[in-house]
Amino acid sequence: MPRRLHPVELDFPESAPVRLVFTGDVSASPEAVYRALAEDVTDWPAWFDAVSSAVPTRDGAGRDVKLKGGVFFSETVMATDPHERYAYRVDTTNAPGLRALLEEWVITPTAQGSRVRWTFAVDGPAPVRALLRLSRAGLGTSFRRAIRRLDRRLARSATS
């Protein structure tokens with residue numbers, strides 16, 4: 001059953017009870033990474049294993065995302081700073097216990113391509129917060145795998 005979460009703003013990661021941050025490097029330019037994150041939303045399942053479908057909604061102002069295992073999120077896109085940042089908050093979900101969730105992807109240029117920082121900011125009751133903290137390693141592994149797959153995907157598309 002879908003539940004509505006608290007609407008949060010872009011500053012939520014600064015005060016979120018749980019803030020998980022992961023970084024990874026890709027050889028692609030910030031422009032290519034941003035395009036993959038913010039514009040090619042339906043392609044997320046091709047590089048992020050946990051995602052089974054991602055569909056832009058409301059003319060790009062939102063997204064509907066389904067994860068493998070049946071969790072879904074209806075999201076509002078909060079920031080689309082070309083080549084720099086893509087952020088969204090979850091408005092409704094069937095995931096139990098969440099009160100608020102905002103994800104932010106920040107892209108910075110490097111000498112070899114781009115550095116991608118993913119911030120996963122969450123609020124929920126104490127047991128949910130503890131579970132998320134314990135899940136840090138698994139989320140980190142999922143992120144690193146996704147970044148490697150995204151890097152390979154963008155490298156292939158650059159040579160095509």
Side-chain angles (χ1 to χ4, degrees), residues 1-26 30 33-108 114-150:
M1 176 112 175
R3 293 177 310 93
R4 181 160 279 300
L5 303 187
H6 298 288
V8 293
E9 299 300 323
L10 286 171
D11 62 351
F12 179 63
E14 297 167 20
S15 63
V18 177
R19 182 177 185 269
L20 305 176
V21 180
F22 307 97
T23 60
D25 293 331
V26 296
V33 174
Y34 178 83
R35 190 170 33 258
L37 291 172
E39 297 171 10
D40 300 335
V41 172
T42 58
D43 289 343
W44 276 53
W47 57 270
F48 207 130
D49 284 343
V51 178
S52 61
S53 76
V55 179
T57 61
R58 300 179 313 220
D59 294 322
R63 305 178 344 152
D64 284 344
V65 175
K66 292 181 185 170
L67 303 181
K68 292 179 179 165
V71 172
F72 75 86
F73 302 112
S74 181
E75 304 167 339
T76 294
V77 175
M78 302 294 291
T80 54
D81 303 330
H83 322 297
E84 295 176 9
R85 177 170 67 158
Y86 183 59
Y88 44 87
R89 74 165 179 236
V90 174
D91 296 319
T92 58
T93 184
N94 63 344
L98 297 178
R99 289 185 189 136
L101 170 58
L102 183 128
E103 296 180 46
E104 178 183 55
W105 297 77
V106 175
I107 310 154
T108 54
S114 303
R115 175 156 293 136
V116 180
R117 184 184 76 215
W118 177 42
T119 301
F120 189 80
V122 184
D123 186 16
V128 170
R129 294 192 312 263
L131 179 63
L132 285 166
R133 287 185 186 105
L134 290 172
S135 300
R136 174 186 287 280
L139 284 169
T141 298
S142 181
F143 170 79
R144 285 186 298 280
R145 186 179 313 124
I147 288 299
R148 282 192 304 272
R149 289 182 70 187
L150 179 61

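Just so it is clear, the model here is predicted, and its values are computed rather than measured.
For Glu39, the side-chain contact (heavy atoms from CB on, under 4.5 Å) criterion is met by Tyr34, Arg35, not counting sequence neighbours. Residues satisfying the side-chain contact (heavy atoms from CB on, under 4.5 Å) criterion with Arg144, sequence neighbours excluded, are Thr141, Arg148. Looking at residues two or more places apart in sequence or on another chain, you find a salt bridge (charged side-chain N to carboxylate O under 4.0 Å, His left out) between Arg117 and Glu104. Listed by chain and residue number, nothing satisfies the ring pair (Phe, Tyr, Trp, His ring centres under 6.0 Å) test with Phe73 (two or more places apart in sequence, or in another chain).
In this structure, Trp47 CH2 and Asp40 CG are separated by 10.0 Å, a value rounded to the nearest 0.5 Å. Distance check: Arg19 CZ to Thr119 OG1 gives 5.0 Å after rounding to the nearest 0.5 Å. If you take OG on Ser15 and CD on Glu9, they are separated by 11.0 Å, rounding to the nearest 0.5 Å. One distance of note links CG of Leu132 with CG of Leu139; it measures 7.5 Å at 0.5 Å rounding.
The local environment of CZ in Arg115 is sparse, with at most 12 non-hydrogen atoms from other residues, nucleotides or ligands closer than 6.0 Å.
In terms of heavy atoms, Pro45 sits closest to Val41 at CD-O, 4.4 Å. Nearest heavy-atom pair, Tyr86 versus Ala38, reported as atom, atom and distance to 0.1 Å: CD1-CB, 3.4 Å. Taking every heavy atom of both residues into account, Pro30 and Ser114 meet most closely at N-OG, 2.9 Å.
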Under 3.5 Å, side-chain donor or acceptor atoms of residues 88-103 against the rest of the protein: list the pairs with distances, not counting sequence neighbours.
from	atom 1	to	atom 2	distance (Å)
Tyr88	OH	Glu103	OE1	2.9
Tyr88	OH	Trp105	NE1	3.0
Arg89	NE	Asp91	OD1	2.8
Arg89	NH1	Val8	O	3.1
Asp91	OD2	Thr76	N	3.3
Asp91	OD2	Thr76	OG1	2.3
Thr93	OG1	Phe72	O	2.7
Thr93	OG1	Ala95	N	3.0
Asn94	OD1	Phe72	N	2.8
Asn94	ND2	Gly70	O	3.0
Arg99	NH1	Gly124	O	3.4
Glu103	OE1	Trp118	NE1	2.9

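Between Phe48 and Trp44, the two ring planes are parallel [angle under 30°; tilted spans 30° to 60°].
Side-chain contact between Val122 and Pro17 is absent, with no heavy atoms from C-beta onward closer than 4.5 Å.
Checked options Asp25, Ile147, Thr108; the residue passing with Val116 is Ile147 (criterion: side-chain contact (heavy atoms from CB on, under 4.5 Å)).
Sorted by first and then second residue, the pairs that involve residues 55-75 and meet salt bridge (Lys or Arg N to Asp or Glu O under 4.0 Å), not counting sequence neighbours, are Arg63-Glu75.
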